[in-house]
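Notes for the one structure printed next.
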Amino acid sequence: MPRILVSGADGQLGQSLKAIQDTYTPIYEIIFLSQADLDITTSSNIQSVFEKYKPDFFFNFAAYTQVDLAEENKEEAFLINSQACAYLGQNCAAFNTHLVHISTDYVYPGKGPVPYREEQAGSTLNQYGASKLSGEQAIQQSKAVYTIIRTSWLYSVFGSNFVKTMYTLGLERDELNVVDDQFGSPTWTRDLIHAIFNLIQHKATGVYNFSNEGVCSWYDFAQKIMEYKGITCQIKPVSTAVFPRPAKRPPFSVMDKAKYKSATGADIPKWDKALLKMLSNLE
Ligand SMILES: NC(=O)c1ccc[n+]([C@@H]2O[C@H](COP(=O)([O-])OP(=O)(O)OC[C@H]3O[C@@H](n4cnc5c(N)ncnc54)[C@H](OP(=O)(O)O)[C@@H]3O)[C@@H](O)[C@H]2O)c1
């Protein structure tokens, strides 16, 4: 049975895989490593773990994900999102392990108006995006077999994310201002997990975009959350200028998923249908 090691297992994506692992454990052995089990910023730690487990696949779900803080903590962001990827690439090459790495829509210029194809990455808008792009390049320069999956607007019942925040605030407040001039595609972590397995089962290597299908603004997204949860809180559209933040956000980060669809033959669930399913599990 192929063995999968998962780093960053206590993060949103790691917990999402844990929750549905039974779908895949008849075919794969899955070992979850939290940051305490494996800090990916030390090459010797990675080597010890590879020697111990000799994995067939390594799912790198560990990352520095605090977009605004990355502007001031650039070194830490690059250490985790880039340098550690170089270490993972080296070890995956040495141990003949297939590296599956999660990246982001923030590697694209983010101006639109046409959905980005995989080869259009570059000229990132903030340090987080730059660190993730640099991590991808480190993996591509290693001799490892790799699958890099770029995703966007992740949410789940785990960790903190836009859906959980809106739900909590919506119950507390009568109205909320939400930006209506940034467009993207939300991604339910559960659909991303299935996409990862679809790709590896089709032996798809290289770089792939994946999100749920369809496009919305944060305002549209918040409105759907309120509608599906029957919350009466009024969502008011505002421009990005009303919420100045340290890191610039892309006005348009929609990704073209034709490459994923052609590699796997799989249909991608629409973002609002996925949201409805996720919300049925959110108390
Ligand atoms: N969230 C989004 O909207 C979004 C959008 C696009 C792409 N992505 C990408 O999707 C992936 C998963 O994101 P997520 O939302 O699951 O992130 P997350 O919830 O922040 O989880 C990241 C995990 O990485 C761990 N970690 C941090 N530094 C580490 C280190 N040095 N060694 C080992 N583990 C370390 C963290 O541990 P601690 O909890 O102990 O800090 C955390 O458990 C990331 O690659 C992210 O860049 C996310």
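Keep in mind that the numbers below use all heavy atoms, side chains included, and drop hydrogens, waters and symmetry copies. Counting starts at 1 for both ligands and their atoms, in listed order.
No side-chain donor-acceptor contact under 3.5 Å links N198 and T264. For the 3.5 Å distance criterion, the side chains of S253 and D105 qualify, holding a donor opposite an acceptor.
For ligand 1, the atoms closer than 4.0 angstrom to any heavy atom of T104 are 6 (C), 7 (C). Residue contact check: A62 has heavy atoms under 4.0 Å from atoms 24 (O), 33 (C), 34 (N), 35 (C) of ligand 1. Listed by atom number, the atoms of ligand 1 under 4.0 Å from T151 heavy atoms are 6 (C), 7 (C). Close approach of ligand 1 to T41 (heavy-atom distance below 4.0 Å) involves ligand atoms 31 (N). Residue contact check: D10 has heavy atoms under 4.0 Å from atoms 43 (O) of ligand 1. Every atom of ligand 1 with a heavy atom of L38 under 4.0 Å away is listed here by number and element: 32 (N), 33 (C).
In this structure, S142 contributes its side chain and Q90 its backbone to no donor-acceptor pair below 3.5 Å.
Comparing heavy-atom distances from atom 11 (C) of ligand 1 across I46, T65, I102 singles out I102 as nearest. Nearest-residue assignment for atom 46 (C) of ligand 1 (options Y64, F61, Y128; heavy-atom criterion): Y128.
Between G14 and ligand 1, no N or O atom pair is found at a separation short of 3.5 Å.
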